[in-house]
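Nothing here was measured: the structure is a model prediction, and the numbers come from that model.
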Amino acid sequence: MTKDTEKYEKFERLAQKRVSEAMNRIRLIGNLSDTRNYSYSEEHVKEMFDALESEMRNAKQRYKSGTAESQAAFTFKNKKK
């Protein structure tokens with residue numbers, strides 16, 4: 001097996017695992033929409049999806065240019081005290 005083949009297979013194995021995990025986490029975010037258990041504002045929803053969309057754009061950009069900046073962690077801008 002060549003080094004390139006090993007790298008290709010490693011990419012596929014890790015990508016499948018990581019994308020599946022990300023998809024599951026996104027489903028869990030969707031579960032937060034249950035108003036029987038949670039209360040949120042439209043601003044919360046906008047901030048969450050803006051952050052996710054930004055991170056997706058950054059990830060895509062890395063495949064095109066090899067570089068992109070990522071946000072370290074998500075936090076709401078105006079948390080209710």
Side-chain angles (χ1 to χ4, degrees):
M1 188 178 302
T2 69
K3 185 78 169 169
D4 283 340
T5 302
E6 289 175 19
K7 288 168 66 174
Y8 187 85
E9 289 175 354
K10 181 179 178 181
F11 172 84
E12 285 186 337
R13 179 175 38 85
L14 291 174
Q16 288 176 143
K17 181 180 178 188
R18 291 177 186 181
V19 170
S20 292
E21 289 172 358
M23 290 169 65
N24 185 52
R25 295 294 186 162
I26 291 169
R27 282 186 209 98
L28 292 175
I29 292 168
N31 290 350
L32 294 171
S33 67
D34 185 349
T35 56
R36 291 173 296 172
N37 296 310
Y38 308 104
S39 181
Y40 54 87
S41 69
E42 287 302 315
E43 185 61 28
H44 284 121
V45 175
K46 181 181 180 334
E47 284 185 45
M48 289 187 329
F49 286 99
D50 285 352
L52 290 168
E53 289 167 357
S54 174
E55 199 60 36
M56 284 297 298
R57 280 190 304 275
N58 288 339
K60 285 181 183 180
Q61 187 61 35
R62 290 179 70 179
Y63 284 90
K64 293 177 183 175
S65 69
T67 61
E69 292 185 25
S70 293
Q71 183 176 336
F74 172 75
T75 57
F76 288 109
K77 291 179 177 80
N78 297 309
K79 288 197 262 182
K80 190 174 184 177
K81 308 254 185 217

- Query: With a 4.5 Å limit on heavy-atom distance, are the side chains of N58 and Q61 in contact?
  - Reply: no
If you round to the nearest 0.5 Å, how far is [atom2] of [Y] from [atom1] of [X]?
X: E43; Y: D50; atom1: CD; atom2: CG; value: 8.0 Å
X: Y38; Y: H44; atom1: OH; atom2: NE2; value: 14.0 Å
X: T2; Y: Y8; atom1: OG1; atom2: OH; value: 12.0 Å
X: R25; Y: R18; atom1: CZ; atom2: CZ; value: 14.0 Å
X: L52; Y: R57; atom1: CG; atom2: CZ; value: 10.5 Å
X: L28; Y: N31; atom1: CG; atom2: CG; value: 5.5 Å

Does [X] [atom1] have over 12 foreign heavy atoms under 6.0 Å away?
X: F74; atom1: CZ; result: yes
X: R13; atom1: CZ; result: yes
X: E42; atom1: CD; result: no

- For E47 against K77, the heavy-atom pair lying closest together: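 Reported closest heavy-atom pair: OE1-N, 2.8 Å.
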- Task: Heavy atoms only: give me the nearest Y40-T35 pair and the separation to one decimal.
- Result: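 Taking Y40 first and T35 second, the nearest heavy atoms are OH-CG2, 3.9 Å.
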- So, the side chain of S20 versus the backbone of K17: is there a donor-acceptor pair under 3.5 Å, distance only? no
- Shared hydrophobic cluster for I29 and M56 (ILVMFWY, side-chain gaps under 4.5 Å):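 In one cluster with I29: M56, no.
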- Item | Audit row: M48, F76, side-chain contact (heavy atoms from CB on, under 4.5 Å) steps and yes/no | CA-CA 8 Å; M48 289 187 329; F76 288 109; 3.8 Å; yes
